[in-house]
Visitor: 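One structure coming up, written as structure tokens, with questions to follow.
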Amino acid sequence: MRDIWNPWHGCRKCSEGCRNCYMFYLDARRKQDGSVIYRTGDSLFRYPLSRDRKGDYRIKPGETLRVCLTSDFFLEEADSWRGEAWQIIRSRPDVIFFLLTKRPERIAGALPRDWGHGWENVMLNVSCENQRRADERIPELLSLPARHLGVMCAPLIGSVSIARYLASGRIEQVLCDGENYPGARTCSWEWVKTLGEECRKYEVTFIFCGTGARFEKDGRLYRIDSRRIQTEQAFKSGISFQGRHNEYRLTDTLGIPLSGRDLVKPEYEEPCEKCARKISCSGCSHCEHCAMQEN
């Protein structure tokens, strides 16, 4: 998919949220060991710099790349590769890079020397599947110099309250999602509602991405296998909303600020109008692999 960049693959499970990790499940189906960590090939590793036949970047100015969705950007085993990855991110100041980690304690020692108060095109995010991990990871996140910070409560497997962290005014976005694949644990509507209400109070963008395969509401357990239906139900809940505006001051390679006319104009298909993720989406990549295209 166009909005994903995986410079390395493989990971080590480190907390409760990892138990039914989709990467390990999908690797096992391909008879691969998800715990084997390796640098991807040059075409994948340098994906943000790839160009089309006209010589234009495939990833357009203003788009967002979600990084290391089959690993962890701050994984210790990736220390020898991360410098080159930072250089690629530095080379595309016109693209937003969404970095998600379960290892925020490693971030400070893994930042590039010219990081300063943070790069305008990088959003640091921590994964918080329950209250214990939220209280461990969000304070680490808030201790870092960064322009953009976010939280992802996925898979949401327990109640989470983060109001005291949202009060800092530094967290720009919170996403939550249920769990899928064999062994999926239940996600409760009450947990989702708590997060949504807290985000609304502090005007922080909240995105309920999907219900997961097991969703509990009003004392009833729903089993929902289709990702399309999970996402549609999340959208119909109406709890997702756009919070206060947080600007990414993107530039070209010469450091000249880019205006709206310089940035890609998102395109959406009809199914996108029922997708809860649209708030944070760069637009349809016409890849035909979107969950919203399922029958």
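This structure is a prediction, so every number in the text was calculated from the model and none was measured. Reckoned from all heavy atoms, side chains included, excluding hydrogens, waters and symmetry mates. Residue numbers count from 1 along this sequence.
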Visitor: Between Phe74 and Val126, is there shared hydrophobic-cluster membership here, with clusters defined by ILVMFWY side-chain heavy atoms closer than 4.5 Å?
Guide: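 Yes: a chain of side-chain contacts under 4.5 Å links Phe74 to Val126.
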
Visitor: Can you spot which of Val174, Ile239, Leu175, Asp177 makes a side chain to side chain contact (heavy atoms under 4.5 Å, CB included) with Ile207?
Guide: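 Among Val174, Ile239, Leu175, Asp177, the one that satisfies the side chain to side chain contact (heavy atoms under 4.5 Å, CB included) with Ile207 is Leu175.
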
Visitor: Can you tell me if CZ on Arg223 sees more than 12 non-hydrogen neighbours from other groups inside 6.0 Å?
Guide: no

Visitor: Would you confirm whether the ring centroid of Trp119 sits within less than 6.0 angstrom of the ring centroid of Trp86?
Guide: yes

Visitor: According to a 4.5 Å side-chain heavy-atom criterion applied to Ile, Leu, Val, Met, Phe, Trp and Tyr, with indirect links allowed, do Leu69 and Met123 form part of one hydrophobic cluster?
Guide: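 Each belongs to a different hydrophobic cluster.
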
Visitor: Contact between Phe73 and Ile107 at the side-chain level, heavy atoms closer than 4.5 Å - yes or no?
Guide: no

Visitor: Passes side chain to side chain contact (heavy atoms under 4.5 Å, CB included), Phe206 versus Cys176? Steps please.
Guide: CA-CA 8 Å; Phe206 178 73; Cys176 78; 3.6 Å; yes

Visitor: Please check: side-chain N/O of Thr251 versus main-chain N/O of Pro257, any donor-acceptor pairing under 3.5 Å?
Guide: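 No; zero donor-acceptor contacts below 3.5 Å.
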
Visitor: Is it true that a side-chain atom of Arg214 and a backbone atom of Glu179 form a donor plus acceptor pair closer than 3.5 Å?
Guide: no

Visitor: Nearest 0.5 angstrom please: Ile224 CD1 to Gln230 CD, how far?
Guide: 6.0 Å

Visitor: Can you tell me how far apart CE (Met152) and CG (Leu100) are? Round to the nearest 0.5 Å.
Guide: 5.5 Å

Visitor: If you count heavy atoms of other groups shown closer than 6.0 angstrom to NZ of Lys265, is the number above 12?
Guide: yes

Visitor: Any carboxylate oxygen within less than 4.0 angstrom of a Lys/Arg side-chain nitrogen, looking at Lys193 and Glu190?
Guide: yes

Visitor: Will you find, in the side chains of Ser15 and Glu129, an N or O donor that is under 3.5 Å from an N or O acceptor?
Guide: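 Ser15 vs Glu129: donor-acceptor pair found between side chains.
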
Visitor: What class does the angle between the rings of Trp189 and Phe215 fall in, given that below 30° is parallel, 30 to 60° is tilted and above 60° is perpendicular?
Guide: perpendicular

Visitor: I need the full list of salt bridge (charged side-chain N to carboxylate O under 4.0 Å, His left out) pairs touching residues 87-114, with sequence neighbours left out, sorted by first then second residue.
Guide: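 Only Asp72-Arg103, Asp79-Arg106, Arg90-Asp114, Arg92-Asp94 qualify under salt bridge (charged side-chain N to carboxylate O under 4.0 Å, His left out).
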
Visitor: Can you confirm whether more than 12 heavy atoms, excluding those of Arg220, are under 6.0 Å from its CZ atom?
Guide: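 Counting neighbours around CZ of Arg220, 12 or fewer heavy atoms of other residues, nucleotides or ligands fall under 6.0 Å, so no.
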
Visitor: Does some side-chain heavy atom of Leu263 sit less than 4.5 Å from a side-chain heavy atom of Pro61?
Guide: yes

Visitor: Are Val122 and Leu250 linked, directly or through other ILVMFWY residues, by side chains that come within less than 4.5 angstrom of each other?
Guide: no

Visitor: Between the side chain of Arg39 and the main-chain N/O of Pro7, is any donor-acceptor distance below 3.5 Å?
Guide: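 Such a contact is absent between Arg39 side chain and Pro7 backbone.
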
Visitor: Between the side chain of Asn20 and the main-chain N/O of Gly183, is any donor-acceptor distance below 3.5 Å?
Guide: yes

Visitor: Using atom types as modelled and distance alone, determine if a side-chain donor or acceptor of Ser35 lies under 3.5 Å from a backbone N or O of Arg12.
Guide: no

Visitor: Does Pro145 offer a backbone N or O that forms a donor-acceptor pair with the side chain of Trp115 under 3.5 Å?
Guide: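 Present.
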
Visitor: Between Glu197 and Lys201, is there a salt bridge with N-O shorter than 4.0 Å?
Guide: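 No, Lys201 and Glu197 are not salt-bridged.
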
Visitor: Rounded to the nearest 0.5 Å, how far does CD1 of Ile171 lie from CG of Leu166?
Guide: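 So the CG of Leu166 and the CD1 of Ile171 are separated by 5.0 Å.
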
Visitor: Mark yes or no for whether Asn6, through its side chain, and Trp8, through its backbone, hold a donor-acceptor pair below 3.5 Å.
Guide: no

Visitor: Flag this pair as yes if the NZ/CZ of Lys13 is under 6.0 angstrom from the six-membered ring centre of Phe24 and inside a 45 degree cone about the axis; otherwise no.
Guide: yes

Visitor: Does anything in residues 231-267 form a ring-ring contact (aromatic ring centres under 6.0 Å, His included)? List the pairs, not counting sequence neighbours.
Guide: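 ring-ring contact (aromatic ring centres under 6.0 Å, His included) check on residues 231-267 returns His148-Tyr248.
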
Visitor: Determine, stepwise, if the pair Ser127 / Asn125 fulfils side chain to side chain contact (heavy atoms under 4.5 Å, CB included).
Guide: CA-CA 7 Å; Ser127 177; Asn125 299 262; over 6 Å; no

Visitor: Just wondering, are more than 12 heavy atoms of other shown residues or ligands nearer than 6.0 Å to CZ in Arg46?
Guide: no

Visitor: Search all heavy atoms of Ser161 against all heavy atoms of Glu198 and return the closest pair with its distance.
Guide: OG-OE2, 2.6 Å

Visitor: Return yes if some donor-acceptor pair links the side-chain N/O of Lys60 with the main-chain N/O of Tyr57 below 3.5 Å, else return no.
Guide: yes

Visitor: Flag yes if Ile89 and Leu49 sit in one hydrophobic cluster, no otherwise; membership is Ile, Leu, Val, Met, Phe, Trp, Tyr, and two members link when side-chain heavy atoms are under 4.5 Å apart.
Guide: yes

Visitor: So, Gln233 versus Thr211: side-chain donor-acceptor pair below 3.5 Å or not?
Guide: no

Visitor: Is any NZ, NE, NH1 or NH2 atom of the basic residue among Glu136 and Arg133 found under 4.0 Å from an Asp or Glu carboxylate oxygen of the other?
Guide: yes

Visitor: Within the side chain of Arg244, is there an N or O that forms a donor-acceptor pair under 3.5 Å with the backbone of Tyr202?
Guide: yes

Visitor: Report the distance from atom CG of Leu142 to atom OG of Ser168, rounding to the nearest 0.5 Å.
Guide: 4.5 Å

Visitor: Main chain of Cys68, side chain of Ser71: is a donor-acceptor contact present, judged purely on distance under 3.5 Å?
Guide: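 No: the side chain of Ser71 does not pair with the backbone of Cys68.
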
Visitor: Looking at every heavy atom in both Cys11 and Ile37, which two are closest together, and how far apart are they?
Guide: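 Taking Cys11 first and Ile37 second, the nearest heavy atoms are N-CG1, 3.7 Å.
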
Visitor: Would you sort out whether Glu77 and Tyr38 count as a side chain to side chain contact (heavy atoms under 4.5 Å, CB included), showing the intermediate values?
Guide: CA-CA 9 Å; Glu77 287 83 351; Tyr38 60 90; over 6 Å; no

Visitor: Here's a test for you: under side chain to side chain contact (heavy atoms under 4.5 Å, CB included), which of Val192, Leu195, Ile279 qualifies with Phe208?
Guide: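 Answer after filtering Val192, Leu195, Ile279: Val192.
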
Visitor: So which heavy atom on Glu216 is nearest to which on Ser188, and how close?
Guide: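 For Glu216 and Ser188, the tightest heavy-atom pair comes out as OE1-OG, 3.1 Å.
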
Visitor: Is the closest basic N to carboxylate O distance between Arg164 and Asp135 below 4.0 Å?
Guide: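 Salt bridge between Arg164 and Asp135, a charged N being under 4.0 Å from a carboxylate O: yes.
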
Visitor: For Phe98, does the six-membered ring have the charged nitrogen or CZ of Arg66 within the cation-pi criterion, i.e. under 6.0 angstrom from the centroid and within 45° of the normal?
Guide: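 No, a cation-pi geometry is absent between Arg66 and Phe98.
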
Visitor: Salt bridge or not between Lys278 and Glu273? Use side-chain N to carboxylate O under 4.0 Å.
Guide: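 Salt bridge flag = yes for Glu273 with Lys278.
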
Visitor: Is any side-chain heavy atom of Leu258 less than 4.5 Å from a side-chain heavy atom of Ile256?
Guide: no

Visitor: Would you say Trp191 and Val204 are hydrophobically clustered, going by side-chain heavy atoms of ILVMFWY under 4.5 Å?
Guide: yes

Visitor: Relative to the ring of Phe97, is the ring of Trp5 parallel (under 30°), tilted (30 to 60°) or perpendicular (over 60°)?
Guide: perpendicular

Visitor: Does the side chain of Leu65 come within less than 4.5 Å of Ile96's, by heavy atoms?
Guide: no

Visitor: Could you verify whether a donor N or O on one side chain and an acceptor N or O on the other, from Gln173 and Asn246, lie under 3.5 Å apart?
Guide: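 The criterion, which ignores hydrogens and geometry beyond distance, is not satisfied for Asn246 and Gln173.
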
Visitor: Under 3.5 Å, is there a donor on one side chain and an acceptor on the other for Thr205 and Gln242?
Guide: yes

Visitor: Search all heavy atoms of Cys128 against all heavy atoms of Val160 and return the closest pair with its distance.
Guide: O-CG2, 4.5 Å

Visitor: Give the minimum heavy-atom separation between Gly178 and Cys187, together with the two atoms involved.
Guide: CA-CB, 4.0 Å

Visitor: What heavy-atom pair brings Leu144 and Arg170 nearest, and what distance separates the two atoms?
Guide: O-NH2, 2.9 Å

Visitor: For the residue pair Glu16 and Ile157, establish whether any side-chain heavy-atom pair is separated by less than 4.5 Å.
Guide: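 Yes, side chains in contact.
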
Visitor: Taking the six-membered ring of Tyr47 (Phe, Tyr or Trp), confirm whether the NZ or CZ of Arg58 is under 6.0 Å from its centre and within 45° of its axis.
Guide: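 Not flagged: Arg58 not positioned over aromatic ring of Tyr47.
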
Visitor: Is it the case that the side chains of Thr70 and His9 hold a donor-acceptor pair, with the cut-off being a distance below 3.5 Å and no angle test?
Guide: yes

Visitor: Can you find a pair of side-chain heavy atoms, one from Lys217 and one from Tyr222, that are under 4.5 Å apart?
Guide: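 Side chain of Lys217 against side chain of Tyr222, heavy atoms only: contact under 4.5 Å found.
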
